[in-house]
Amino acid sequence: MTERKISWRGKSPNVEKPYLWASAKATRRAVEAGGSQGLCVYIALCALEMRTPADKKRCFYASLDEVASLSGLTVRTVRKYIRLLHQARLIVQIKPMGKAKINHEACRYIILSRRETA
């Protein structure tokens, strides 16, 4: 009998790196804060964080349009659920000020770790 290499969906799990992950506690709190749409927005923000270079992962820039397209929701709905996630202390949204606000530049986000949300 030959040994078969364990694969996931027909591929080695290492092929699909980098991984997107969110802690079980954070996803549960996102659902409590905003239901399934709150979870969609939270996962979209995690995906945008994953795409940023490793040296800039602490905070990253994203527009509401980017979050909306990843989550499958409207910009207005995303704005509402970002506010709810911020109130639940899962994320920090830093809005642009002054001329940057006038030019509709992207907001800066920080996804809080377990220690920071307790």
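Between the side chain of Arg108 and the backbone N or O of Cys59 there is no donor-acceptor pair closer than 3.5 Å.
In this structure, Leu85 is not a member of the same hydrophobic cluster as Tyr61, with clusters built from ILVMFWY side-chain heavy atoms closer than 4.5 Å.
Pairing each heavy atom of His86 with each of Val92, the nearest pair is ND1-CA, 3.6 Å. Across Ile43 and Ala22, no two heavy atoms sit closer than the pair CD1-CB, 4.2 Å.
Take Ser69 and apply the side chain to side chain donor-acceptor pair (under 3.5 Å) test, not counting sequence neighbours, and it matches no residue. Residues satisfying the side chain to side chain donor-acceptor pair (under 3.5 Å) test with Ser71, not counting sequence neighbours, are none. In this structure Ala68 satisfies the side chain to side chain contact (heavy atoms under 4.5 Å, CB included) test together with Val75, Val78, sequence neighbours excluded.
Side-chain contact check for Cys107 versus Ser63: every heavy-atom pair is 4.5 Å or farther apart. The closest side-chain heavy-atom distance from Phe60 to Ile111 is below 4.5 Å. Between Tyr109 and Ile82 the shortest side-chain heavy-atom distance falls below 4.5 Å. When side chains are defined from C-beta on, Leu73 does not count as touching Lys80, because their heavy atoms never get closer than 4.5 Å.
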Using distance only, find each side-chain donor-acceptor pair of residues 32-41 under 3.5 Å and give its atom names and separation, not counting sequence neighbours.
| residue | atom | partner | partner atom | Å |
| --- | --- | --- | --- | --- |
| Gln37 | OE1 | Tyr81 | OH | 3.0 |

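To the nearest 0.5 Å, atoms CG (Leu45) and CD1 (Ile91) are separated by 5.0 Å. Taken from OG1 in Thr77 to CG in Leu64, the straight-line distance is 11.0 Å, to the nearest 0.5 Å.
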